[in-house]
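For reference, the structure is listed below as structure tokens.
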Amino acid sequence: MGQPSLLWPDADDVPEPAAPVLLGILASGNGSNFAAIAQAIRAGELKAEIAVVITNNPDAYVRQRAEQLGIPCILLNHREYTQREALDAAIIEVLKQYRVEWVIMAGWMRLVTEVLIAAYPGRILNLHPSLLPSFKGLHAVEQALEYGVKITGCTVHLVTLEMDSGPIVAQAAVPVLPDDTVESLYQRIQAQEHRLYPQAIRLCIAPPEGSRLPKPTGNRHN
Ligand code: GAR
């Protein structure tokens, strides 16, 4: 018998959507997960297109990554908005302009409001570097090491108003080794994130019959 899969249903069993689904990536930093999603699309593993990247951080390395890949990257500096709702409204404007269907948070370090959630009901995904519901919030890898868990990992979930708490789509487990540092453990978690996130997106944009994933609502282009 083969090894049990950590991901159900297996992404290989998932039907492809008829047309590439337009993704909008929200990223505040390095953008390695953005790059992994772009790579999965190029490799034909994910029938989608990254229509736009939005960042809130002028210094985010994701800006350079997007430029190298020829994908538009829009800077919406959160410091220029006095209220979270106003930032979310500006984000929505860009997402609609690029006809984005699914919003993919990849290292997006801002709390979202009901404004964004209402614009993309059930169609916003987030990635978190722990096995939720453990170690929500900032410094999840440090939290896991400090707590002394022997297994941690990463989680892809649908975004709700409560931080790191929406329905779980997929998880990957990563063992904590006795001599792990935050850096060494995070490196192995990131390797799993890069594998998991494209698969989880694939599951969501074309959910297989019988899956317990929530069905998206609204029109493809709202
Ligand atoms: C990822 O490890 C992701 O799990 C984490 O930010 C990193 C972004 O990496 N997200 C959170 O902590 C959200 N709570 P990347 O910029 O290299 O893709």
Check whether any side-chain heavy atom of L22 lies under 4.5 Å from a side-chain heavy atom of Y98, and answer yes or no.
no

So do L116 and I124 actually touch side chain to side chain, heavy atoms under 4.5 Å?
yes

Start with the C-alpha gap between V100 and L23, add the side-chain angles, then the distance that decides, and say whether side-chain contact (heavy atoms from CB on, under 4.5 Å) holds.
CA-CA 5 Å; V100 165; L23 308 179; 5.9 Å; no

Co-membership, hydrophobic cluster, residues L196 and L125, 4.5 Å side-chain:
yes

Please report the closest heavy-atom contact between A200 and A170, naming both atoms and the distance.
CB-CB, 4.0 Å

Hydrogens and angles aside, do Q68 and R65 bring a side-chain donor and acceptor to less than 3.5 Å of each other?
no

Please test V52 against C73 for side-chain contact (heavy atoms from CB on, under 4.5 Å), starting from the C-alpha separation and ending with a verdict.
CA-CA 6 Å; V52 66; C73 182; over 6 Å; no

Test log, rule side-chain contact (heavy atoms from CB on, under 4.5 Å), inputs N30 and V62
CA-CA 5 Å; N30 177 19; V62 73; over 6 Å; no

Can you confirm whether Q97 sits close enough to E93 that some side-chain heavy atom of one is under 4.5 Å from a side-chain heavy atom of the other?
no

Measuring only between side-chain heavy atoms, which start at C-beta, is L127 closer than 4.5 Å to T155?
no

Spacing of L87 atom CG and L111 atom CG [to the nearest 0.5 Å]
11.0 Å

Using a 4.5 Å cut-off on heavy atoms from C-beta on, say whether the side chain of P129 contacts that of E193.
yes

side-chain hydrogen bond (donor to acceptor under 3.5 Å, both in side chains), paired with S28, selected from N57, T55, N56
N56

Applying side-chain contact (heavy atoms from CB on, under 4.5 Å), run through I54 and L95 and close with a yes or a no.
CA-CA 9 Å; I54 297 175; L95 294 173; 3.9 Å; yes

Main-chain N/O of L132 paired to H157 side chain as donor or acceptor, under 3.5 Å
no

Would the distance check show the side chain of E101 and the main-chain N or O of Y120 forming a donor-acceptor pair, the cut-off being under 3.5 Å?
no

So, do Q190 and N33 sit near enough that their side-chain heavy atoms are less than 4.5 Å apart?
yes

Please list every donor-acceptor pair under 3.5 Å in which a side-chain atom of residues 42-50 meets a protein atom from a residue at least two apart or in another chain.
from	atom 1	to	atom 2	distance (Å)
R42	NH2	Q39	OE1	2.7
K47	NZ	P17	O	3.4
K47	NZ	A18	O	3.0

Are W108 and Y186 co-members of a hydrophobic cluster defined by side-chain heavy atoms under 4.5 Å apart?
no

Give a yes or no on whether a salt bridge exists between R110 and D88, defined as a side-chain N under 4.0 angstrom from a carboxylate O.
no

Neighbour count >12 (heavy atoms, 6.0 Å) for atom CD1, I151
no

Assess whether atom CD of E85 is packed by more than 12 heavy atoms of other residues, nucleotides or ligands within 6.0 Å.
yes

Heavy-atom side-chain contact between V156 and I168 under 4.5 Å
no

Check whether I189 and V182 end up in the same hydrophobic cluster, where Ile, Leu, Val, Met, Phe, Trp and Tyr are linked by side-chain heavy atoms less than 4.5 Å apart.
yes

Under 3.5 Å, is there a donor-acceptor pair between the K136 and S130 side chains?
no

Report the distance from atom CG of L158 to atom CZ of R123, rounding to the nearest 0.5 Å.
11.5 Å

Co-membership, hydrophobic cluster, residues I205 and F34, 4.5 Å side-chain
yes

Under 4.5 Å between side-chain heavy atoms, hopping through other hydrophobics if needed: is there a path connecting L161 to L26?
yes

For A172, is there any backbone N or O sitting under 3.5 Å from a side-chain donor or acceptor partner on R195?
no

Distance check, rounded to the nearest 0.5 Å: S134 atom OG versus H128 atom NE2?
9.0 Å

Side chain to side chain, V115 and R84, heavy atoms closer than 4.5 Å
no

